[in-house]
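Have a look at the structure below, then the notes.
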2 protein chains.
Amino acid sequence: MDWSIPSNERRAWDRRVPYYLRIRDRFAALIEKGSLLPGTKLPPERELRDQFQITRVTARQALTQLEAEGLIFRENRRGWFVSPPRIQYDPTANVSFTESVLAQGRTPSATVLSTERMIASARESQFLDVEVGDPIFLIQRLRSIDGRAVLLEHLHVNAERCPGLLGLPLDRSLTELMSEHYGISEYRPHINMRPTALAEPQAQALGVSPGAPSLYLSRIIYDQFDSIIEFDQEFWRHDALEICINVHHHLSPVQAEGVNNSHDDMPETLR
Amino acid sequence: MDWSIPSNERRAWDRRVPYYLRIRDRFAALIEKGSLLPGTKLPPERELRDQFQITRVTARQALTQLEAEGLIFRENRRGWFVSPPRIQYDPTANVSFTESVLAQGRTPSATVLSTERMIASARESQFLDVEVGDPIFLIQRLRSIDGRAVLLEHLHVNAERCPGLLGLPLDRSLTELMSEHYGISEYRPHINMRPTALAEPQAQALGVSPGAPSLYLSRIIYDQFDSIIEFDQEFWRHDALEICINVHHHLSPVQAEGVNNSHDDMPETLR
DNA sequence: GAGTGGTCTAGACCACTTC
DNA sequence: AAGTGGTCTAGACCACTCC
């Protein structure tokens with residue numbers, strides 16, 4: 001395949017556009033046009049180097065740029081691939097990861113990486129309504145969509161409220177387990193999010209290179225008695241999700257229903 | 001100043017840690033410890049090269065990593081600086097940028113970059129409850145915190161609902177203008193966010209290098225009659241904000257008050 | 001004009017994946 | 001064993017900022 005840039009696709013303000021941005025543009029156009037489908041493997045960096053007559057450093061700069069935009073991703077030492085569509089996710093809704101992924105016609109899965117019963121330190125007690133020294137559970141799970149790991153979870157649970165939790169099938173929805181086994185109905189009024197980059201251990205778990213861009217999300221979870229029973233930390237692949245929030249307080253139920261909250265069709269940038 | 005790495009700050013799993021991560025760690029530690037205050041200029045890349053006995057490419061890799069994490073930022077061709085604290089921002093609250101920045105003891109400002117009266121294309125009509133050909137206003141503003149540009153806004157407004165809007169002082173809160181001059185009270189039930197990277201024009205406006213990581217946020221704004229009057233697109237510097245969402249629906253007013261929604265003290269990563 | 005970041009070259013060796 | 005990405009060297013020239 002010939003990857004070179006057709007003359008009709010050059011930028012209006014061409015001339016003195018850095019090479020790495022030209023290559024970025026080339027692939028961005030192919031991906032947006034649908035010529036490169038999600039999951040497609042890109043050519044090896046050395047092939048790009050030859051095709052475009054640049055050095056590998058420059059080729060990598062273009063690839064890193066596309067990665068930052070979420071158009072492509074890499075699997076450590078395996079290659080570069082076109083990103084699947086983002087999953088739409090509402091962190092304020094009481095809808096589990098599993099449900100919302102299924103609702104969008106994708107296939108979710110969960111792997112329990114580790115479980116641990118530990119004693120709350122000052123740090124955890126602060127977030128969990130427990131005293132220092134009280135028992136808590138720490139559960140680490142990896143969530144995938146269509147076989148691609150997208151989310152690393154660190155769940156901190158008040159152990160006294162759900163004895164025996166670690167013996168239950170933790171690859172299922174935790175919300176369901178809490179409800180079915182302990183009569184706890186969760187809700188999640190406080191959510192924090194910020195863009196960052198992944199440190200070594202999280203990157204490893206998600207199978208990405210350390211320093212890959214990421215969205216960090218934390219959540220304090222209450223039960224029906226307004227007592228904190230869970231504190232979650234989530235590390236998302238930055239290209240895997242689109243946060244869609246519906247605030248219902250002013251909408252009548254009829255209006256709220258059937259609302260499509262994706263602004264997908266609006267171009268994000270005005271290149 | 002000597003930037004070299006003291007032996008007691010090496011990682012436990014040292015040995016074969018890439019140079020660029022060691023340098024990252026060095027600066028991350030200094031910043032978290034408070035030895036490097038927000039706004040501090042980092043040494044020139046060439047100085048880092050000499051201090052750490054690496055090449056400039058490797059030095060830049062470390063700096064880019066710190067930038068991705070939000071710890072430092074660059075001003076185009078001026079140098080690298082320690083990032084100020086993130087502003088806490090609730091996109092679901094009807095609180096203006098100005099108000100929320102002031103409430104956190106920082107100084108907000110706004111610059112109008114451009115205003116335009118234009119005719120709705122198919123694209124805009126889809127988001128604004130107007131017909132193709134109806135007039136809309138497009139307003140571009142730059143918002144700053146303590147003199148640092150952090151947010152580029154593209155506001156699309158239904159022009160028929162607020163005639164003469166472009167003649168009003170647009171560096172003020174738009175929500176206030178809508179309320180005071182047109183009797184429109186806004187609310188914003190649909191919000192979309194995703195991490196991306198900035199394209200050339202947006203990067204230029206924010207004074208950052210193209211490709212810098214960013215958070216894109218779009219919003220559909222309704223009036224009190226549930227008709228769409230505004231569609232906003234926001235491009236945030238990724239290191240400038242921390243999204244804090246409070247969902248009130250289950251909380252009694254008493255509980256909702258005084259809730260501190262920052263999970264700040266919880267470490268994001270567990271290096 | 002000196003200093004600084006932005007871009008780029010032309011190589012190299014290593015670690016890991018794939019076959 | 002071959003292929004691929006991950007890391008790194010030792011330079012270079014340019015565009016822009018600061019003085």
Side-chain angles (χ1 to χ4, degrees), chain A residues 11 13-25 27 40-68 72-82 149 197-200 203-204 206-213, chain B residues 11 13-25 27 40-68 72-82 149 197-200 203-204 206-213:
Chain A
R11 302 190 188 213
W13 47 285
D14 212 322
R15 143 186 344 237
R16 227 33 262 162
V17 175
Y19 289 158
Y20 80 94
L21 283 182
R22 299 188 203 188
I23 294 159
R24 185 226 86 95
D25 286 356
F27 280 99
T40 307
K41 188 176 186 307
L42 265 50
E45 295 173 0
R46 288 167 178 83
E47 196 174 312
L48 294 178
R49 175 195 62 192
D50 298 338
Q51 283 273 354
F52 289 100
Q53 310 238 46
I54 52 178
T55 50
R56 222 183 114 208
V57 176
T58 306
R60 278 174 71 79
Q61 204 177 351
L63 294 168
T64 305
Q65 171 68 24
L66 286 160
E67 180 193 40
I72 66 174
F73 68 99
R74 50 181 138 175
E75 291 187 11
N76 213 331
R77 290 172 212 273
R78 282 190 7 92
W80 299 84
F81 304 84
V82 177
L198 290 173
E200 174 72 28
Q204 183 120 32
L206 283 167
V208 304
S209 317
Chain B
R11 301 189 188 214
W13 46 285
D14 209 321
R15 144 186 344 234
R16 226 34 262 163
V17 176
Y19 290 159
Y20 80 94
L21 283 182
R22 297 188 205 191
I23 294 158
R24 186 225 85 96
D25 287 357
F27 281 98
T40 307
K41 188 174 186 306
L42 265 48
E45 294 173 359
R46 288 168 177 82
E47 196 173 312
L48 294 178
R49 175 196 60 192
D50 299 338
Q51 283 274 353
F52 289 101
Q53 309 238 44
I54 52 177
T55 50
R56 222 183 114 209
V57 176
T58 305
R60 278 175 71 79
Q61 204 176 352
L63 293 168
T64 305
Q65 171 68 24
L66 287 160
E67 180 192 40
I72 67 174
F73 69 100
R74 50 180 138 175
E75 291 187 12
N76 214 333
R77 289 172 212 274
R78 283 189 9 91
W80 299 83
F81 303 84
V82 177
L198 290 173
E200 176 72 28
Q204 184 121 33
L206 283 168
V208 304
S209 317

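Each chain gets a letter, A, B and so on, in the order its sequence line appears, and its residues count up from 1.
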(Q) Return whichever of A/T58 or B/W80 has its heavy-atom-nearest nucleotide of DNA chain C closer to the 5' end. (A) B/W80
Q) C/dT18, D/dC16, C/dA10: which one has an atom nearest the side-chain heavy atoms of A/R78? A) C/dT18
Q: Compare the minimum distances between each of D/dG6, D/dA10, C/dT9 and the side chain of A/T55, then state the nucleotide with the smallest one.
A: C/dT9
Q: Let me know the distance between CZ of B/R49 and P of D/dC8, rounded to the nearest Å.
A: 16 Å
Q) B/I54 has an atom CD1; how far is it from atom C1' of D/dT7, in whole Å? A) 12 Å
Q | B/R22 side chain vs B/V17 backbone, donor-acceptor pair below 3.5 Å | A | yes
Q: Among the candidates D/dT7, C/dT9, C/dT18, find the nucleotide nearest to the side-chain atoms of B/Q61.
A: D/dT7
Q) When you measure from the side chain of A/Y20, which nucleotide among D/dG6, C/dG6, C/dC8 comes out closest? A) C/dC8
(Q) Can you tell me which nucleotide in C/dG6, C/dC16, D/dT4 comes closest to the side chain of A/R77? (A) C/dC16
Q. Going by modelled atom types, is there a donor-acceptor pair between the base of C/dG6 and the side chain of B/R56 at under 3.5 Å?
A. yes
Q: Give a yes-or-no answer on whether the side chains of A/E75 and A/W80 include a donor-acceptor pair shorter than 3.5 Å.
A: no
Q. When the distance from CZ of A/R74 to P of C/dT17 is rounded to whole Å, what number comes out?
A. 15 Å
Q. Nearest to the side chain of B/P44 - C/dG11, C/dG6, C/dT4?
A. C/dT4
**Q.** Value in whole Å for how far the P atom of D/dG5 lies from CG of A/L48
**A.** 8 Å
(Q) Just verifying a value: how many Å separate A/L48 CG and A/T58 OG1, rounded to the nearest 0.5 Å? (A) 11.5 Å
Q: Examine C/dG6: is either OP1 or OP2 under 4.0 Å from a nitrogen or oxygen in the side chain of B/S209? Give yes or no.
A: yes
Q) Mapping A/R60 and B/Q53 to their closest nucleotides on DNA chain D, which lands nearer the 5' end? A) A/R60
Q. From B/L21 CG over to B/Q61 CD, what is the distance, rounded to the nearest 0.5 angstrom?
A. 8.0 Å
Q.
Assess the residue pair B/F27 and B/L42 against the criterion (side chain to side chain contact (heavy atoms under 4.5 Å, CB included)); give the C-alpha distance rounded to whole Å, side-chain angles, the decisive distance to 0.1 Å, and a yes or no.
A. CA-CA 9 Å; B/F27 281 98; B/L42 265 48; 4.2 Å; yes
Q.
So if I take every side-chain heavy atom of B/P18 and compare against D/dT7, D/dT9, C/dC8, which nucleotide ends up nearest?
A. D/dT7
Q | Protein-nucleotide distance (A/L63, atom CG; D/dT4, atom C1'), rounded to Å | A | 12 Å
Q. Between D/dT17 atom P and B/F81 atom CZ, what is the distance in whole Å?
A. 13 Å
Q: Rounded to the nearest angstrom, tell me the gap between atom CZ in B/R46 and atom P in C/dT7.
A: 14 Å
Q.
If I take atom CD1 in residue B/I23 and atom C1' in nucleotide D/dT7, what distance separates them, rounded to the nearest angstrom?
A. 12 Å
